[in-house]
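By convention in this document, chain letters (A, B, ...) are assigned in the order of the sequence lines, proteins followed by strands, and residues within each chain are numbered from 1.
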Amino acid sequence: MLEMEEENPNIMFKVRSYKTASDVIRNLSSGIDEIYEDNGLKGLMQIPSIGKAIASKIEEYLMTGKIKYLEELKSKISINVDEFYDLEGIGPKTIKIIYDNLGVKDLSNLEKAASEGKLRNIRGFSEKKEEMILNKIRLLKKGRGRYLLGEVYPLVKQIETRLLNFEGVKNAVAAGSFRRMKETIGDIDFVVASNESKKIMDYFISMPEISEILGRGTSKSFVRLNNGIDADLLVIPEDSFGSALQYFTGSKEHGVAMRKVALGKGFHLNEWGIFDENQKKVAGSTEEGVYHMLDLEWIPPEIRENNGEIELAKNGGKRLSRLIQYNDLKGDLQVHSNSTDGTMSIEDMALAAKETFGLEYIAITDHTKSLKLTNGLDDSQLLDQANKISELNDRIKQGRFDTKPRLSTRSGLESQKARDEKEKKTKMSDNKHFKILSAAEVNIMNDGSLDIPNNVLDKLDIVGAAIHSSFSLPIEVQTDRLLKAMENPSIDIIFHPTGRRINKREGYPVNIEKLLENAKKTSTLLEIDAHYDRLDLKDEYVKMAVQKDVKLVIDSDAHHPIHFAFLTFGIGQARRGWAKKSDILNTLPLEELLSSIKR
DNA sequence: GCCGTTTTCGGCCCGACTGTTTTCAGTCG
């Protein structure tokens with residue numbers, strides 16, 4: 001609204017201040033209301049980027065639920081600003097001009113005016129622009145939201161590989177939120193190093209996956225893929241590849257902060273490199289070089305959110321390099337078989353885990369009896385399964401593990417570990433070290449009790465518990481349910497602790513602080529479920545857990561052999577939450593893991 | 001509206017692409 005209202009050329013800076021302040025508030029580790037309760041207006045003003053004016057507006061909002069300044073702006077503007085916010089390519093100035101000329105206040109009237117051909121008569125507009133606006137409205141209505149990381153992963157890897165193999169390409173990386181392993185992806189950004197820009201651009205926009213060319217220049221092109229996702233391509237000379245990768249990986253906030261750091265050191269940072277006062281290029285060919293030139297440790301993409309990572313990188317303690325690595329997992333503690341809702345036998349799952357993903361152990365965690373939909377196991381079925389697993393383990397020890405069904409995986413879904421393992425496959429010919437753990441995914445009832453008695457659970461190697469029903473209970477009840485399950489000495493892990501499904505459902509309400517406290521107190525592990533539509537715990541909660549030294553595990557929740565590939569997403573999530581190898585217990589060899597769990 | 005080892009005024013991250021107002025404003029990432 002400010003951008004629409006003011007002629008003042010400095011208004012952009014005011015707008016920026018509000019945006020920065022809102023980002024800062026969103027990223028606070030404690031609530032803005034708590035800060036105000038504890039330290040009042042002074043406390044608010046101590047938050048960076050919040051000064052006197054914004055602090056008192058926050059105070060006003062906390063006390064009255066309203067901000068007078070905002071209400072005044074709203075009454076003055078009378079344009080339904082929120083409706084236009086997601087309309088791509090049309091900003092506040094354009095909306096204001098249309099309003100001034102035609103009195104258009106909302107989206108439906110804009111659509112009407114455009115289809116009636118009224119926009120083209122406005123000075124600075126044209127038939128072409130009118131068409132563009134109609135197009136954007138149509139797209140907005142279609143609701144192109146964000147895509148799940150796991151949904152786009154194979155396709156992105158496929159395009160990345162294709163670019164890498166194209167003649168004249170020195171390097172190609174899918175950057176953006178994809179490289180940062182965000183749980184959802186808005187669009188895909190490819191960065192290519194090459195001196196033959198035009199040739200690469202021509203190739204890119206002619207790829208079969210592309211449905212529409214949205215824009216094209218000498219170094220950047222924008223397209224829409226067949227499945228509706230937008231993709232950008234940046235082609236850049238080899239000696240600028242590092243700075244371009246840094247720039248295109250984001251986040252935007254991280255990039256802005258980095259350019260400020262550069263200015264503070266008398267440099268100038270853009271996607272072409274770092275430049276000194278004489279416009280001489282001093283870094284840019286590698287990403288490491290860019291960070292090092294600013295006296296920073298290289299920052300892993302997953303934590304580039306301007307959320308404290310730059311400060312940490314400054315102090316030179318090699319702390320960032322201690323994040324869990326993509327080949328650190330030794331086992332998977334949530335795996336399903338066709339005894340319940342899985343699709344393959346225990347043997348098949350074990351083989352895939354071992355041969356394709358290089359794991360040393362898995363836990364078979366089929367559902368239990370109260371989960372009727374999945375045909376959950378009862379007490380005796382669980383014990384039978386444990387016996388069967390024990391026999392399987394004996395066969396493995398004797399080297400009689402059946403290695404016949406070699407499973408092929410989609411290339412994009414293979415983990416780094418899998419690639420490493422394949423290279424030394426010959427060494428893996430003895431199967432004697434793999435172990436299958438008897439386990440269960442026990443159902444937590446409404447009162448926090450379990451549907452399997454402890455004397456049965458204690459015969460299993462490891463037990464996880466999870467909530468699968470009554471999501472609408474109030475937060476206190478839901479939290480107590482989990483706390484009680486954690487206090488049960490037979491429960492080692494809480495699976496997918498908040499029950500969310502990204503873009504599908506919110507999950508049940510949980511007091512996460514209490515949950516973490518109790519996990520610490522009872523030595524119960526919390527899971528990062530790596531299935532790409534769960535990624536539960538989410539990054540923010542992982543960070544809280546790490547701060548409180550609550551131990552975590554990363555599980556695939558595999559229902560099919562190919563699902564072990566999901567572990568990559570879980571590790572990405574853990575890294576986004578600043579988790580170190582030592583925070584994730586299934587990075588331990590089996591014996592150490594078993595001696596670390598609570599039973 | 002925020003901020004300060006160039007400090008209480010005068011700056012504020014930066015470049016590419018688009019359309020069209022042929023030199024730049026608007027928008028985006």
How long is the line joining CZ of A/Phe248 and C1' of B/dG15, in whole Å? 11 Å
Polar side chain donor-acceptor pair, A/Glu59 to A/Tyr36, under 3.5 angstrom: yes
Rounded distance in Å between the C1' positions of B/dG26 and B/dT21: 12 Å
Please list, chain by chain and in numerical order, all residues satisfying salt bridge (Lys or Arg N to Asp or Glu O under 4.0 Å) with A/Asp239, sequence neighbours excluded. A/Lys281
Among residues at least two apart in sequence or on other chains, which ones pass side chain to side chain contact (heavy atoms under 4.5 Å, CB included) with A/Tyr18? A/Leu2, A/Lys14, A/Ile54, A/Lys57, A/Tyr69
Rounded to whole angstroms, how far apart are NZ on A/Lys220 and C1' on B/dG15? 6 Å
Tell me every residue that passes salt bridge (Lys or Arg N to Asp or Glu O under 4.0 Å) with A/Glu305, counting only those two or more places apart in sequence or in another chain. A/Arg180, A/Arg576
A/Glu71 atom CD: more than 12 heavy-atom contacts under 6.0 Å: yes
Would you tabulate the nitrogen or oxygen pairs shorter than 3.5 Å linking the protein to nucleotides 23-26 of chain B?
| residue | atom | partner | partner atom | Å |
| --- | --- | --- | --- | --- |
| B/dG26 | O3' | A/Thr94 | OG1 | 3.4 |

Which residues within residues 261-269 of chain A lie with some heavy atom under 4.0 Å of an atom in DNA chain B? A/Leu263, A/His268, A/Leu269
Roughly how many Å is it from CE in A/Met12 to P in B/dC28, rounded to a whole number? 11 Å
Contacting residues from residues 279-288 of chain A, given that a heavy atom lies under 4.0 angstrom of DNA chain B: none
Find the distance A/Arg123:CZ to B/dG19:C1' and express it as a whole number of Å. 14 Å
Just to verify, what does A/Glu34 make a side chain to side chain contact (heavy atoms under 4.5 Å, CB included) with, not counting sequence neighbours? A/Ser30
Applying salt bridge (Lys or Arg N to Asp or Glu O under 4.0 Å) to A/Asp106 and not counting sequence neighbours gives none
Report yes if the side chains of A/Asn171 and A/Glu238 come closer than 4.5 Å at any heavy-atom pair, otherwise no. no
Contact class for A/Lys252 vs. all strands (heavy atom < 4.0 Å): base, sugar-phosphate, or nothing? base
Less than 4.5 Å apart, side chain to side chain, heavy atoms only: is that true for A/Leu245 and A/Ile236? no
More than 12 heavy atoms of other residues, nucleotides or ligands under 6.0 Å from CD of A/Glu116: yes or no? yes
Assess whether one donor atom and one acceptor atom, taken from the side chain of A/Tyr247 and the base of B/dG29, lie less than 3.5 Å apart. yes
When the C1' atoms of B/dC17 and B/dC12 are compared, how many Å lie between them, rounded to an integer? 24 Å
Pairwise C1' distance, B/dT8 and B/dC2 [rounded to whole Å]: 12 Å
Considering only heavy atoms from C-beta outward, does the side chain of A/Phe204 approach that of A/Val235 to under 4.5 Å? no
Residues touching DNA chain B, which here means a heavy atom under 4.0 Å, drawn from residues 187-200 of chain A: none
Taking the six-membered ring for Trp and the single ring otherwise, decide whether the centroids of A/Phe178 and A/Tyr153 are under 6.0 Å apart. yes
Every protein N/O lying under 3.5 Å from an N/O of nucleotides 3-5 of chain B:
| residue | atom | partner | partner atom | Å |
| --- | --- | --- | --- | --- |
| B/dC3 | OP1 | A/Ser49 | N | 2.5 |

Minimum side-chain heavy-atom gap A/Met201-A/Ile205 below 4.5 Å: no
Expressed as a whole number of Å, how far does the C1' atom of B/dT23 sit from that of B/dG19? 13 Å
Output all residues satisfying salt bridge (Lys or Arg N to Asp or Glu O under 4.0 Å) with A/Glu209, sequence neighbours left out; order by chain, then residue number. A/Arg162
Per the O4'-C1'-N9-C4 / O4'-C1'-N1-C2 angle with a 90° window around 0, B/dT7 comes out syn
Should A/Trp272 be listed as having a side-chain N or O under 4.0 Å from OP1 or OP2 of B/dC14? no
At under 4.0 Å, does any side-chain N or O of A/Ser219 touch on OP1 or OP2 of B/dG15? no
Does the structure show a Watson-Crick or G-U wobble partner for B/dC14, both distances under 3.5 Å? Name it, or say none. B/dG29
Side chain of A/Glu271: nearest nucleotide among B/dC17, B/dG1, B/dG15? B/dG15
Taking any heavy-atom pair under 4.0 Å as a contact, classify A/Lys57: base, sugar-phosphate, or nothing. sugar-phosphate
5'-most by nearest nucleotide on DNA chain B - A/Phe125 or A/Ala55: A/Ala55
Taking atom P of B/dA16 as reference, at what distance in whole Å does atom CG of A/Leu234 sit? 10 Å
For the residue pair A/Glu271 and A/Ser240, establish whether any side-chain heavy-atom pair is separated by less than 4.5 Å. no
Is the shortest heavy-atom distance from the side chain of A/Ile122 to the side chain of A/Asp100 under 4.5 Å? no
For A/Ile90 and for A/Glu127, find the nucleotide of DNA chain B with the closest heavy atom, then tell me which residue's nucleotide is more 5'. A/Glu127
Between atom CD1 in A/Ile133 and atom P in B/dT18, what is the gap in whole Å? 17 Å
If the condition is side chain to side chain donor-acceptor pair (under 3.5 Å), which residues does A/Arg179 pass it with, not counting sequence neighbours? A/Thr249, A/Glu287
Aromatic ring pairing A/His254/A/Tyr291, orientation class (parallel under 30°, perpendicular over 60°, tilted between): tilted
Where the side chain of A/Asn270 is defined as all heavy atoms beyond and including C-beta, which of B/dG15, B/dA16, B/dG29 is the nearest nucleotide? B/dG15
What nucleic acid atoms does A/Gly217 come within less than 4.0 Å of, heavy atoms only: base, sugar-phosphate, or nothing? sugar-phosphate
Using whole Å, what does the distance between atom P of nucleotide B/dG15 and atom CD1 of A/Ile236 come to? 12 Å
